[in-house]
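Below is one structure, written out as structure tokens; the observations come after it.
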Amino acid sequence: MADLLVTGGAGFIGSNFVHHVVNNTDRSVTVLDKLTYAASRESLAELPEDRVELVVGDVADAPLVDKLFAEHDAVVHFAAESHNDNSLDDPGPFIQTNIVGTFTLLEAARRHDVRLHHVSTDEVYGDLDLDDPKRFTEDTPYNPSSPYSASKAGSDHLVRAWVRSFGVRATISNCSNNYGPWQHIEKFIPRQITNLIDGVLPKVYGDGLNVRDWIHADDHSSAVLTILEKGRSGETYLIGADGERNNLQVVTAILEHFGRTKDDIEFVTDRAGHDRRYAIESGKLRAELGWAPRYQDFEAGLADTITWYQEHEDWWRPHKQATEAFYATKGQ
Ligand code: NAD
Ligand code: DAU
């Protein structure tokens, strides 16, 4: 029997997680991924073929999911439509993959008594005011703002209901904003890095004061593996690395790397319903399961990420024009 099934393992965080598992355990991994626009086979290319297998398919394909669950001991569920701006443009795929897809996995987990870890987001909690001393905890009420975050909130509720009603063995994690290699250039940090490589000004929504709590994708991966191995079924764990920065601070750090000043910013149309601030209190995960982030210095991790995009232009270049054309239609 193969060991671990990872859905969405050809995406940004999922592929990072597969690398983390291969480098830090003896497990073998099957990746189930639909290979949407957000996926890349290249992110898995250097992994050993005898330990990592890619199955191209949809998490909402019940017969396929049933077969794969019968063959695996545990499942980590990353697959999702993940970009807020896309969910504002066309919410349909978010409902189908994030809600119907998670439902399909839960039904298979119930039939085959497979251990499931569901990867979710801090966005399910809505947002905080800039001057609010509070951070999100596992007890914060759900209050999602966008079609994306509402679909993730819906998937979390399904997991909880399947644990309570059917005894499915599952955990949930809600993580803050990730950065690192292999992130699609539609997202904030890689978009601005690749703009600057092209000599284009970074595009900042609204006043740029929105705060995100940044964590390196490898730290997200180590947290998910810790929860899979040591987490208590039915529990939720928040994942964060105390990385609060507003968007202007992040862009200024990227600009400095390119020898530009903080005046070299283009302010563009704000995102509808734009969440103001996310902030994670990850004390439960640290105290109960002994997890700690490795990338404590955001600016150093950001510098490594900039270098990675400079060295991997072949990977992102084919997507740049279409990504920017989409944003241009919205004045962003
Ligand atoms: P991503 O968009 O980079 O990757 C998503 C992957 O899922 C892609 O490989 C895609 O092909 C696959 N996928 C999409 N629909 C599918 C389907 N129907 N069936 C099978 N595969 C499908 O996303 P990401 O940023 O790596 O996020 C991964 C997970 O982590 C998501 O569940 C997201 O909600 C969560 N998350 C992301 C962040 C972040 O900052 N990016 C933070 C917290 C939580
Ligand atoms: O908090 C976790 C979430 O983080 C994940 O659940 C999502 O999957 C992930 O995409 C991310 O969501 P955000 O909406 O916070 O990330 P994004 O990279 O789209 O934007 C980060 C911030 O930067 C946000 O305040 C919007 C702003 N932004 C974004 C883009 C693309 C800009 O100012 N300019 C841009 O060009």
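In each ligand, atom 1 is the first atom listed, and ligand 1 is the first ligand listed.
Inclusion of V204 in the set of residues having an N or O under 3.5 Å from an N or O of ligand 2 is not warranted. Taking distance alone, with nitrogen or oxygen atoms compared against 3.5 Å, S176 stays at or beyond that limit from ligand 2. Taking any N or O of F12, backbone or side chain, at least one lies under 3.5 Å from an N or O belonging to ligand 1. Residue-to-ligand polar distances place R212 within reach of ligand 2: an N/O pair is separated by less than 3.5 Å. Distances between N or O atoms of E186 and those of ligand 2 include no value under 3.5 Å. At least one N or O atom of K203 sits closer than 3.5 Å to an N or O atom of ligand 2. Among the atoms of N177, none of the N or O lies under 3.5 angstrom from an N or O of ligand 1. In terms of polar-atom proximity, A60 is not counted as a contact of ligand 1, lacking any N or O under 3.5 Å from an N or O of the ligand. The shortest N/O to N/O separation between T97 and ligand 1 falls below 3.5 Å. Between G11 and ligand 1, at least one pair of N/O atoms sits closer than 3.5 Å. Taking any N or O of Q183, backbone or side chain, none lies under 3.5 Å from an N or O belonging to ligand 1. The N/O atoms of T121, backbone and side chain alike, include one that comes under 3.5 Å of an N/O atom in ligand 2. Polar contact with ligand 1: absent for E81 (N/O pair, distance under 3.5 Å). Among the atoms of T121, none of the N or O lies under 3.5 angstrom from an N or O of ligand 1. Residue N178 has at least one nitrogen or oxygen atom sitting less than 3.5 Å from a nitrogen or oxygen atom of ligand 1, judged on distance alone. Close N/O approach between T36 and ligand 1 is found [any backbone or side-chain N/O within under 3.5 Å]. For a threshold of 3.5 Å applied to N or O pairs, the pair formed by W214 and ligand 2 contains no separation below that value.
Here the heavy atom of the protein found nearest to atom 33 (O) of ligand 2 is Y205 N, 2.8 Å. Atom 11 (C) of ligand 2 has its closest protein heavy atom at N177 ND2, 3.4 Å. For atom 30 (O) of ligand 1, the nearest non-hydrogen atom of the protein is V119 CG1, 3.6 Å.
Ring-plane geometry between W214 and F188 is classed as parallel, the angle between the planes falling under 30 degrees on a 0 to 90 degree scale with a further cut at 60. Ring orientation note: the planes of H312 and W308 are close to parallel, at an angle under 30° on the 30°/60° scale. Ring geometry, Y278 versus F136: the interplanar angle falls from 30° to 60°, so the pair is classed tilted. Between H216 and Y179, the ring planes lie perpendicular to each other; the angle is over 60°, past the 30° to 60° tilted range.
For S176, the closest heavy-atom approach to ligand 1 falls below 4.0 Å. Remark: distances from the non-hydrogen atoms of K152 to ligand 1 include one below 4.0 Å. Heavy atoms of S40 come nearer than 4.0 angstrom to ligand 1 in no pair at all. Within the 4.0 Å heavy-atom cutoff, A10 counts among the residues contacting ligand 1. The shell of residues lying under 4.0 angstrom from ligand 1, judged by heavy atoms, excludes G9. Using a 4.0 Å heavy-atom cutoff, T7 is absent from the residues neighbouring ligand 1.
At least one side-chain heavy atom of D218 sits under 4.5 Å from a side-chain heavy atom of N16. In this structure, I189 and Y309 have side chains that are not in contact, with every pair of non-hydrogen atoms separated by 4.5 Å or more. Between R212 and D275, some side-chain heavy-atom pair lies under the 4.5 Å cut-off.
For ligand 2, the atoms lying closer than 4.0 Å to a non-hydrogen atom of Y327 are 31 (C). Near G57, the atoms of ligand 1 lying under 4.0 angstrom from a non-hydrogen atom of the residue are 19 (N), 20 (C). Every atom of ligand 1 is numbered from 1 in the order shown, and the set under 4.0 Å from a heavy atom of F78 is 28 (C), 29 (C), 31 (C), 32 (O). Every atom of ligand 1 is numbered from 1 in the order shown, and the set under 4.0 Å from a heavy atom of L35 is 11 (O). The Q192 neighbourhood of ligand 2 comprises atoms 34 (N), 35 (C), 36 (O), with distances under 4.0 Å to a heavy atom of that residue. Heavy-atom proximity to Y148, at under 4.0 Å, picks out these atoms of ligand 2: 5 (C), 6 (O), 7 (C), 8 (O). Shown in contact with D58 at under 4.0 Å from a heavy atom are these atoms of ligand 1, numbered in order with element: 17 (C), 18 (N), 19 (N). Applying the 4.0 Å criterion to heavy atoms of Y278 picks out, from ligand 2, the atoms 1 (O), 15 (O). For ligand 1 and S120, the ligand atoms under 4.0 Å from any heavy atom of the residue are 43 (C), 44 (C). For ligand 1, the atoms lying closer than 4.0 Å to a non-hydrogen atom of C175 are 42 (C), 43 (C).
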| field | Residues D113, R169; criterion salt bridge (Lys or Arg N to Asp or Glu O under 4.0 Å); working and verdict | value | CA-CA 7 Å; D113 189 26; R169 293 180 295 127; 3.1 Å; yes
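When the shell of 6.0 Å around CZ of R111 is examined, it contains more than 12 heavy atoms from other residues, nucleotides or ligands. More than 12 non-hydrogen atoms from other residues, nucleotides or ligands lie less than 6.0 angstrom from NZ of K330. A 6.0 Å sphere centred on CG of D90 holds more than 12 heavy atoms belonging to other residues, nucleotides or ligands.
H83 and D85 form a side-chain donor-acceptor contact under 3.5 Å, judged by distance and modelled atom types alone. No side-chain donor from either of D242 and Q296 sits under 3.5 Å from a side-chain acceptor of the other. Of the N and O atoms on the side chains of E107 and W162, at least one donor lies less than 3.5 Å from an acceptor on the other residue. There is no side-chain donor-acceptor pair under 3.5 Å between R135 and S282.
The six-membered or imidazole ring of H319 lies near that of H184, with a centre-to-centre distance under 6.0 Å. Here H220 and F17 keep their ring centres 6.0 angstrom or further from each other.
A salt bridge links E313 to R317: one of the charged nitrogens lies within less than 4.0 Å of a carboxylate oxygen. With salt bridges taken as basic N to acidic carboxylate O contacts below 4.0 Å, one links D207 and R276. Here R191 pairs with E324 in a salt bridge; the nearest charged N to carboxylate O distance falls below 4.0 Å.
Only side-chain heavy atoms of Y148 come within less than 4.0 Å of ligand 1; its backbone N, CA, C and O stay farther off. In R271, the part holding a heavy atom less than 4.0 Å from any atom of ligand 2 is the side chain. Of all the heavy atoms of N84, the ones lying under 4.0 Å from any atom of ligand 2 belong exclusively to the side chain.
Between N16, D33, V124, I239, it is D33 that holds the heavy atom closest to atom 12 (C) of ligand 1. For atom 26 (C) of ligand 2, the choice among K152, H274, H83 with the nearest heavy atom turns out to be H274. Residue S82 holds the heavy atom nearest to atom 2 (O) of ligand 1 of all those in S151, S15, G8, S82. Here the shortest heavy-atom distance to atom 1 (O) of ligand 2, taken over D122, D270, V119, belongs to D122.
Under the 4.5 Å side-chain heavy-atom criterion for grouping Ile, Leu, Val, Met, Phe, Trp and Tyr, V268 is not connected to V200 through any hydrophobic cluster.
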